[in-house]
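So the structure is just underneath, and the comments pick up after that.
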Amino acid sequence: MKGNYVGRSEIRIDAQSKVTGEARYPGDFNMVGQLHMKVLFARRPHARVLSVDTRQALQLPGCVAIFTAEDVPVNEYGLQYPDQPVLCGPGGPKAGTDVVRFVGDNVAVVVAESETVASAARDLIKVEYEDLPLLTEPLAALADGARHLHPPYPGIDIHPELVFEGNIASRHRIRRGDVDSVWEQAAAIVESEYEIPGQEHVFLQPEAGLSYIDAAGRVTVVTSSQWAHEDQQQIAHALDLPIEKIRVIYPAIGGAFGGKEDMSVQIVLALATYKLQRPVKLVWTREESLIGHHKRHRAWAHARWAVDAGGQLLAAETKVIADAGAYVYTTNKVLGNLVLTVNGPYKIPHVKTDVLGVYTNNIPGGAFRGFGAPQGNFIAESQMNKLAEALGMDPVEIRLRNIVQAGDPMPWGKPLPDDARGLADTLIAVAESLGWEEDAAGWQAPQINPRPGDPAYLQRGVGLALGVKNVGFSFGYQENAWAGIELQGETEIEAASVYAASSDVGQGTRTVIRQMAAEALGLPLEKVTVAPTDTAITGSSGSCSASRMTFMIGNAIQGAATKALQRWQAGARPVKVEFTYLAPQTTQIDTETGYGDPNFSYGYVTIGAELLVDTELGRLSFPKLVCANDVGQAINPRLLAGQIEGGVIQGLGWATTEELVQKEGELLTNTLSTYLIPTTADIPAEVEVIIIENPEPNGPWGARGMGEMPFIPVAAAIQHALRAATGLWYNKFPFTLERVLRGLKGEL
Amino acid sequence: MRQFDYYQPKNFAEAFELLLLPGKVVMPLAGTTDIIPMAREERIAPDVVVDIKSLPGMREIKETEDGLLIGAAVRMSELASSPLVREYAAVLAEGAATVGHVQVRNRATLGGNMCTASPAGDTFPALLVLEAEALLRSVDGERSVPVSEFFQGPRRTALKKGELLVGVMLPKLAGAQGHYAKLSRRKAADLTLVGVAALAVPAGKGYDWRLALGAVAPTPVRVPEAEKILAQGYDATAIEKAALAAHAACSPLDDIRSSAEYRREMVVNITQRVIGQVIEKLV
């Protein structure tokens with residue numbers, strides 16, 4: 001649909017300020033009298049901190065204070081479970097807070113009159129460590145007798161998958177039917193081992209913040225992350241202060257992608273300002289950012305799937321082990337999504353899935369665009385492409401025969417909440433874009449022939465993969481989002497202010513909020529302003545993650561707008577209303593069977609890849625990537641296309657050049673000259689965006705979430721195209737030059 | 001990063017005085033694309049930097065009787081697009097065009113690339129096959145050094161204390177055709193894994209060939225064995241033999257970017273392609 005504003009590519013609220021450089025990011029804020037902070041990172045992956053001697057450092061002129069573990073009122077934090085010390089060191093009441101478990105653990109923070117002095121003082125701190133045995137491979141961490149990286153943990157009801165048995169952080173299972181009863185009936189069985197890489201977010205703006213005491217006496221942190229009220233909560237917990245004594249403000253944010261879901265600078269900044277009652281500024285360097293925040297989970301999988309002669313899936317047995325790293329972060333929920341996506345959106349009568357998240361001394365695994373779905377998707381879609389080939393069936397055809405239709409149960413026993421038409425629609429759109437044709441026998445892949453002028457060393461291939469992922473928070477959490485609206489004027493509404501704590505991480509959420517509010521209120525866009533994200537003036541709208549914000553905040557705005565217009569018509573002047581949208585209730589999934597109703601909405605996507613392989617060099621290039629995404633309703637098509645292009649290119653990076661190397665707990669790719677994200681020059685000649693709009697029944701104006709979807713099937717589509725071009729299944733990626741070449745030489 | 005003092009002398013006398021400041025670590029600075037990252041990583045710690053871009057002749061590209069004179073502070077983007085360079089020494093323009101990315105090429109200079117003396121520098125293989133002379137100047141006067149002798153090892157050059165690289169002289173090579181190509185893991189802003197330059201210079205009824213490799217040995221190297229093979233003729237067998245000679249001449253490193261084995265294998269493939277490209281230009 002096209003409304004007055006919904007469905008229209010309005011210019012971003014922040015377009016001018018970002019183009020001119022006026023937009024202020026957290027590192028751009030300064031205050032008179034501010035101090036500067038530097039963090040002493042552990043830079044060793046596993047050790048007990050025996051002592052921290054700050055005497056010499058404190059004598060440095062200009063060094064104001066140094067805080068260590070003893071100074072943190074409640075020395076723990078964590079989004080799911082507080083298993084990480086704010087500062088690692090001796091002297092605390094809680095067991096295990098004296099141990100550093102990965103290179104990015106913080107040991108002390110220095111506050112000084114200048115950044116230079118802060119750095120110099122940090123380097124004068126003497127820390128005595130007792131190195132502890134390293135566990136950097138999940139299998140070693142699971143072995144009998146392996147040292148437990150965390151003290152025993154009692155468990156919490158809301159996260160039953162968080163088990164803390166030895167080094168198992170989380171366990172996830174699906175048991176449906178009996179896989180062992182059908183192997184003998186299979187026309188084809190595909191069994192594969194996969195190794196799926198980690199990934200670094202490389203948001204352009206590293207972690208930064210400025211803290212101060214505001215006029216109301218609140219410890220205030222101006223920073224950039226994804227959920228202001230959760231930051232506020234975690235700061236309050238660590239400082240042992242009432243939540244209303246903490247304030248969090250988000251200015252312009254230079255990217256997040258899940259990498260700012262967890263704490264970085266927030267607690268230590270608040271701690272220093274609370275103790276010193278002065279403004280304090282902290283900006284992480286890129287190198288600190290690379291070791292300091294979590295990564296996409298590495299995962300190892302074994303999959304054995306069976307299909308009958310007609311192409312119907314019979315069974316899927318899949319085991320996945322993921323590296324949770326040193327702390328749990330969001331591992332239990334990431335792997336919860338992995339377990340829901342690793343069997344694809346397919347009708348499978350017999351399913352046996354086991355997923356483990358395992359503690360190691362690596363950088364923690366955590367949230368990253370797709371949140372477990374990309375790993376699950378790679379396994380599922382690779383299995384499907386292989387099964388199609390094993391049967392001599394077209395890969396589009398086999399999917400159409402197996403994707404769930406309205407009412408078909410997913411492996412967790414419940415159908416997808418809508419008719420899931422987007423699965424077939426996106427698949428067919430991509431297939432047609434790549435040259436697939438349908439005849440009486442079904443869908444047929446295009447013949448890929450060399451083109452005139454192709455050198456002998458060049459091989460061409462096309463491939464595709466589809467994907468599905470939940471929108472919004474899952475597993476029984478009562479998903480909610482708050483919005484407020486104020487209307488000013490006398491005879492007519494002259495101005496409307498919208499309040500929403502939505503983190504504009506670059507996707508343009510504030511622009512979309514403005515459009516949705518103008519639409520809902522029936523006002524010209526010019527009359528609508530969007531207030532900044534600030535816990536002092538907004539309720540919690542939840543995290544900008546899980547592809548949820550447009551869906552959730554749109555519903556909240558509709559609710560608030562209805563209420564506001566009713567009050568206006570009743571004569572109230574001015575009008576000021578709040579509304580909290582509650583999404584349909586979900587449930588946990590059973591820890592033994594995986595049964596439950598874990599999500600209220602899903603997004604559907606298919607990716608296609610046209611690829612060239614230089615078989616002498618191992619180099620891949622991409623004449624075209626195509627993404628079809630069922631977004632329900634595009635609120636702002638231009639911003640949406642930007643999100644799709646960005647997601648596809650980020651997926652391309654994960655699949656090709658981004659090789660994250662950790663060895664013995666150290667990050668070897670610790671610069672952006674060794675960890676290679678795609679540059680503008682690496683973007684394919686054509687990135688085709690196909691927007692499909694099957695309205696989401698519960699979505700605002702029919703919109704569904706989409707931010708993560710375009711990323712999810714990219715790696716599997718490229719693997720498929722690579723198979724077409726080379727005859728090889730690369731089950732391990734990224735598909736670097738060298739890995740591709742080794743495969744061609746018979747050393748897969 | 002440690003603080004340092006910045007000077008921008010307008011004449012050589014002033015520059016040399018600064019370079020010889022007693023008790024100070026003084027470094028010349030041009031495009032800043034190497035020196036600033038190195039200072040930030042504290043791999044260098046200058047007290048004083050001397051910006052050489054305003055010195056006479058440093059930013060000129062000039063045809064002389066002896067050949068083409070290129071000032072040390074000529075930028076990569078200028079080298080890549082200069083009609084004179086493209087005419088005299090297309091291979092150097094091609095090398096310059098592959099350095100870093102657009103923003104870097106708009107800052108980085110030929111002299112800087114040479115003085116940084118990274119084995120992976122993209123202008124060296126071209127300078128080697130062109131048999132360029134490095135022009136050095138100090139209070140004691142000027143001297144010139146063949147580029148092959150200028151580069152002495154990783155981060156080591158023939159420059160003496162107080163001496164500045166002021167430019168390079170490219171001899172006139174009528175009818176010569178060359179090509180530079182490199183392999184890196186992504187299309188821009190990535191260190192070169194293998195760089196190869198080849199040049200065919202008319203000699204008698206045939207050609208003298210020159211071949212140089214970058215990034216696969218402690219310094220960029222010429223491959224005389226390959227050159228001899230090609231001078232006898234450049235059919236498919238000869239090209240393959242020349243590429244194998246290049247393979248034998250290199251000694252690449254194993255590092256996080258790639259294995260030594262991969263680099264060595266790619267020397268063969270890139271060399272064959274580069275020679276093929278030159279041959280296409282000859283006919």
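Remember, it's a predicted structure, so these values are computed and weren't measured experimentally. To find a chain, count down the sequence lines: A is the first, B the second, and so on, and within it residues start at 1.
Here the shortest heavy-atom pairing between A117(B) and R156(B) reads CB-N, 3.9 Å.
If you check the side chains of E113(A) and H36(A), you find no donor sitting under 3.5 Å from an acceptor.
Most heavy-atom pairs under 4.5 Å with chain A: of the set N269(B), V268(B), I270(B), this distinction falls to N269(B). Contact count against chain A (heavy-atom pairs under 4.5 Å) is highest for R257(B) among R40(B), Q272(B), R257(B), R2(B).
The residues R105(B) and E78(B) are annotated as not salt-bridged, no charged nitrogen and carboxylate oxygen being separated by less than 4.0 angstrom. The pair E688(A)-K624(A) meets the salt-bridge criterion, with a side-chain N (NZ, NE, NH1 or NH2) lying under 4.0 Å from an Asp/Glu carboxylate O.
No side-chain heavy atom of R222(B) sits less than 4.5 Å from a side-chain heavy atom of L213(B). Under the 4.5 Å side-chain criterion, counting only non-hydrogen atoms from C-beta, S258(B) is in contact with L193(B).
Taking the ring axis of Y262(B) as reference, the NZ or CZ atom of R739(A) does not stay both within 45° of it and closer than 6.0 Å to the ring centre.
Proximity to chain A (any heavy atom under 4.5 Å) is shown, for Q3(B), by neither the backbone nor the side chain. For a residue to count as touching a neighbouring chain, one of its non-hydrogen atoms must lie under 4.5 Å from one of that chain's; by this rule R273(B) touches chain A with the side chain only. Contacts between L191(B) and chain A at a heavy-atom distance below 4.5 Å are absent for every atom of the residue.
Contacts of residues 658-679 of chain A with chain B at a heavy-atom distance below 4.5 Å involve V661(A), L668(A), T669(A), L672(A), S673(A), T674(A), L676(A), I677(A), T679(A), listed in sequence order.
Ring planes of F368(A) and H201(A): parallel class, angle under 30° (limits at 30 and 60°).
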